[in-house]
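All values derive from a computational prediction rather than experimental measurement. In what follows, chains carry the letters A, B, and so on, assigned in the order in which the sequence lines appear, proteins first and then strands, with residues in each chain numbered from 1.
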Amino acid sequence: MKKKLIELLENSIRTCSEKGILEIGELPFIEVEIPREESHGDYSCTASMVLASSQGRNPRKIAEQIVENIHDSNNMLAKIEIAGPGFINFFIEKSMWFALLKEVDEMGDRYGGSNLGKGKKVQVEFVSANPTGPLHIGHARGAVIGDVVANILESTGYSVFREYYINDAGTQMDVLGRSVLLRYLELLGKEIDFSPECYQGEYVKELAGEIFKEYGDEYLAKGEKDAMKVFTDYAVNSILYGIKEDLNTFGVVFDCYFSEKELYKDDGVTKLLAELQEKGFIYEEGNALWFKTTDFGDEKDRVVVRENGEPTYFAADIAYHRDKYSRGFDTVIDIWGADHHGYIPRMYAGIHALGKEKEALKIILVQLVSLLRAGKPVSMSTRGGEFVTLREVVDEVGRDAARYNFLMRRSDSHLDFDLELAKEQSNENPVYYVQYAHARISSIMRLAHERDYNIPGFGDIDLKFLTLPEEITLTKEIARFPEVVEGSARVLEPHRLTFYLNELASLFHSYYNKNRVISDDPGLSMARLFLVKSIRTVLKNALRLLGVSAPERM
RNA sequence: GGGCGAUUAGCUCAGUUGGAUAGAGCGCUGGUCUCCGGAACCAGAGGCCGCGGGUUCAAGUCCCGCAUCGCCUACCA
């Protein structure tokens, strides 16, 4: 609807320009929005005021000219008003709104999707937690946001690839292996010095126990070097297996787990460094190699090869991103914890050096989560190893409530996650509010069936029965859904969907309370059944994007 | 010290990229139920959009300064 309107406006302005009424070169971007106030119409346009300054003329006059030259061949407009300083307010013909329901009926499960990103390949890299311990609650938020961003992009026509980057190289791996080895020795009665640098969690002891079960005390005698390799590999594999399993139960599935080791295997990092050196981005100082990230707006230059000859994590990361682009992705989306925000300019410097535009990389920052229980903070210190794992949270509050709660805020704002609230099956828990609307409609459908109604399609109903203002409001809200999906795809903000869902559910509950869907009047009942069915389609499609179930019964 | 971000109702937060009289949920006050699922609905109270300047037809939104809070500031990953 919005698109059609913009088209009309563009044509009108073009006509004005041809007639010499307006002097414009390029067609300006025309903004059409839904006004807050209903009396201001269904849509409102501000173009005349934007044009006024460049034309040096009264915006109301310009608005008049634009309105005069609108050629509404489909009679979609009931009324056009010029208001205030120069707003052009459009009132859409009621029948046009209801006609949109045809699209819902035809598209069904696909309603809400579009081809915005057709032909574009996007990679979303998320979670990417180090395989040094199980996923905790902090990772869960990033996991859901990444997953849903990917879903949204997919439904708007992008070809999407989900990837998890495994940091399985570097010193932390040694620390992990050593931690497990020490616990193993401890298990066998040795005195150990378990330094605070080591991973403290209970799972380290469990890993040591598993190894003991399998190999007995065989590594007591063997050299540390042999033991370290076996212990490290065992630990990483085992932890990674657990991570994948946890993500799976959370509904998060990746196309690829990319190992950092791969980058070193075929000399990716070395080649990259040579390339950067050739392009003149590298200099030597204090026996280390530095990348001139300040050329790209970073606050200081960064080391890529240390004094001891080892490349840094940053060097590997640039190589990793080069690898991503070489795989043909037009856009790469990284989802990071907000504590990494200082890393952003560096990464952009990296991709600039690779010859990529800024648009080729998008970074979503996810703020940390404060875990609460009935309003009281739950301790989450990683140092002591007593964090709350993703699995524990999902087990306790369920997948739907957990996912939905992580999507209720902008990703870059703090989130309080209250275990008791998330579990509660009450009006304090928005996920049930939305799911309830879906279950309620399903229940109406069941009753309709009992009363021998066929569930109507668009062709089976007479639109004249839909006369109530709230029926138009509901239809408009349904019609807005594809715009909401597109909008959240454009700015990568999944939380817009939960807000939308809340509004739609609220409108439905209100309608339901005031009006009967199934009545003695067959024509009216059919029309309303169809409207309500359309709402259910949208609820279901939106919930599917969020990875939350849409239950028929609750 | 420098950098990044935040500051909107009692609380937790939205605010469609600069639009008309700033919204939602919770909480609070008062109501609705013979009826398709009360996990629901309706009404009301509640605001100096942190403070001060600026930009323009128009600022919660953009720019500058200040205050408070958080994060970053490794030849760790």
Side-chain angles (χ1 to χ4, degrees), chain A residues 31 33-37 39-40 44 46 49-50 52-53 58-60 83-87 89 130 132 167 169-173 175 260 285-290 298-300 302-314 316-317 337-345 365 367-368 375 408-410 412-416 418 421 424-433 435-437 439-448 450-451 480 483-484 487-488 490-491 493 495-496 498-500 502-503 505-506 508-519 525 528-529 532 553-554:
Chain A
E31 199 168 345
E33 54 195 20
I34 301 172
R36 266 196 290 266
E37 191 72 33
S39 65
H40 294 147
S44 178
T46 59
M49 289 175 287
V50 177
S53 54
N58 183 332
R60 284 193 72 111
F87 293 98
N89 294 337
N130 295 347
T132 54
N167 300 130
T171 53
Q172 54 178 349
M173 288 298 103
V175 176
E260 186 183 354
E285 191 183 299
N287 286 326
L289 293 184
W290 296 71
D298 200 1
E299 36 175 322
K300 54 176 281 199
R302 309 290 171 174
V303 171
V304 280
V305 177
R306 292 190 278 261
E307 215 172 332
N308 65 9
E310 293 278 322
T312 59
Y313 174 82
F314 177 44
D317 216 6
D339 51 339
H340 287 68
H341 73 255
Y343 200 78
I344 294 176
L365 288 183
Q367 272 292 351
L368 299 180
M408 290 194 318
R409 307 259 177 279
R410 300 176 57 98
D412 58 357
S413 77
H414 284 277
L415 174 72
D416 287 338
D418 194 307
L421 270 184
E424 208 167 306
Q425 304 194 359
S426 75
N427 53 4
E428 293 196 37
N429 198 343
V431 65
Y432 291 106
Y433 184 75
Q435 288 181 319
Y436 183 53
R440 232 179 186 179
I441 297 172
S442 301
S443 168
I444 296 171
M445 296 301 174
R446 285 192 294 272
L447 184 80
E450 277 170 34
R451 304 249 174 111
R480 197 164 71 90
E483 290 164 27
V484 173
S488 61
R490 206 168 260 132
V491 293
E493 290 182 354
H495 75 278
R496 292 188 182 200
T498 53
F499 279 88
Y500 170 78
N502 206 43
E503 273 168 48
S506 165
F508 165 71
H509 284 309
S510 175
Y511 176 68
Y512 173 91
N513 255 275
K514 209 167 143 193
N515 308 288
R516 287 193 64 83
V517 174
I518 300 171
S519 62
S525 299
R528 289 186 173 174
L529 273 171
V532 155
R553 289 190 170 83
M554 293 172 70

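Within the model, atoms OG of A:Ser442 and CD of A:Gln435 stand 11.0 Å from one another, a figure rounded to the nearest 0.5 Å. A:Ile518 contributes atom CD1, which lies 11.5 Å from atom CZ of A:Arg528 (distance to the nearest 0.5 angstrom). Remark: A:Leu415 CG to A:Asp418 CG distance equals 10.5 Å, nearest 0.5 Å. Residue A:Arg440 holds its CZ atom at 4.5 Å from OH of A:Tyr512, rounded to the nearest 0.5 Å.
Minimum atom distance to the side chain of A:Asp416 is reached by B:rU12, of the listed B:rU16, B:rU12, B:rA77. Nearest nucleotide to the A:Met554 side chain, out of B:rA39, B:rG19, B:rU12: B:rA39. In the set B:rA14, B:rG37, B:rC57, the nucleotide with an atom closest to the side chain of A:Tyr512 is B:rG37. Residue A:Val491 has its side chain nearest to B:rU17 when only B:rC41, B:rU17, B:rC71 are considered. Proximity note for A:Asn89 (side chain, C-beta onward) versus B:rG15, B:rA20, B:rC41: the nearest is B:rA20. The side chain of A:Asn513 has B:rC41 as its nearest neighbour among B:rG15, B:rC41, B:rA39. When distances run from any side-chain atom of A:Ile444 to the nucleotides B:rC41, B:rC4, B:rC36, the shortest one goes to B:rC36. Checking B:rA77, B:rA14, B:rC72 against the side-chain heavy atoms of A:His341 singles out B:rC72 as nearest. Comparing B:rA77, B:rA39, B:rC75 against the side chain of A:Tyr436 picks out B:rA39 as the nearest. For A:Phe499, the listed nucleotide lying nearest its side chain is B:rA14; candidates were B:rG15, B:rC76, B:rA14.
Residue A:Ser39 places no side-chain N or O under 4.0 Å from the OP1 or OP2 atom of B:rU21. Between A:Arg440 and B:rG38 there is a side-chain N or O to OP1 or OP2 distance below 4.0 Å. Residue A:Arg306 places at least one side-chain N or O closer than 4.0 Å to OP1 or OP2 of B:rC76. Phosphate proximity of B:rU12 to A:Arg409: absent, as no side-chain N or O sits under 4.0 Å from OP1 or OP2. An OP1 or OP2 oxygen of B:rC42 is reached within less than 4.0 angstrom by a side-chain nitrogen or oxygen of A:Ser510.
The residue among A:Ala169 and A:Ile518 whose nearest nucleotide of RNA chain B is located toward the 5' end is A:Ile518. Heavy-atom nearest nucleotides on RNA chain B were determined for A:Arg516 and for A:Asn287, and the one closer to the 5' end corresponds to A:Arg516.
As judged by a 4.0 angstrom heavy-atom cut-off over every strand, A:Gly86 is placed among residues making no nucleic acid contact. A:His340 comes within 4.0 angstrom of a nucleotide base, judged by non-hydrogen atoms across all strands. Among the heavy atoms of the strands lying under 4.0 Å from A:Ala439 is at least one base atom, whether or not backbone atoms are also near. A:Thr46 comes within contact range of at least one nucleobase, with a heavy-atom separation under 4.0 Å. In this structure, A:Tyr343 reaches the bases: a heavy-atom distance under 4.0 Å links it to at least one base atom across the strands shown. Residue-level contact check: A:Gln172 touches the backbone only, with heavy atoms under 4.0 Å from sugar-phosphate atoms and none from bases. Heavy atoms of A:Arg451 sit nowhere under 4.0 angstrom from any nucleic acid atom. Using a 4.0 Å heavy-atom criterion, one finds that A:Asn58 contacts no nucleic acid atom at all.
The CD atom of A:Gln367 sits 12 Å away from the C1' atom of B:rC72 (whole-angstrom rounding). Computed from coordinates, the A:Glu483 CD to B:rU17 P distance equals 11 Å when rounded to whole Å. In this structure, A:Lys300 atom NZ and B:rG1 atom P are separated by 19 Å, rounded to whole Å. For the pair A:Asn130 CG and B:rC76 P, the computed distance is 15 Å after rounding to whole Å.
Within 3.5 Å, no donor on the side chain of A:Asn502 pairs with an acceptor on the base of B:rA14, nor the reverse. The base of B:rG70 is not paired with the side chain of A:His414 by any donor and acceptor separated by under 3.5 Å. Contact of A:Ser44 with B:rA20 (side chain to base): a donor-acceptor pair of N or O atoms is detected under 3.5 Å.
Relative orientation of the A:Tyr343 and A:His340 rings is perpendicular, given thresholds of 30° and 60° on the angle between their planes.
Here A:Tyr433 does not lie in a stacked arrangement on the base of B:rA39, lacking the combination of planes under 30° and ring centres under 5.5 Å apart.
Straight-line distance between the C1' atoms of B:rA20 and B:rA6: roughly 29 Å, to the nearest whole Å. Nucleotides B:rA77 and B:rG65 place their P atoms 36 Å apart, quoted to the nearest Å.
A side-chain donor from one of A:Gln172 and A:Asn130 sits under 3.5 Å from a side-chain acceptor of the other.
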Structure string for RNA chain B in dot-bracket form, Watson-Crick and G-U at under 3.5 Å, | interchain: (((((((..((((.....[...)))).(((((.......))))).....(((((..]....))))))))))))....

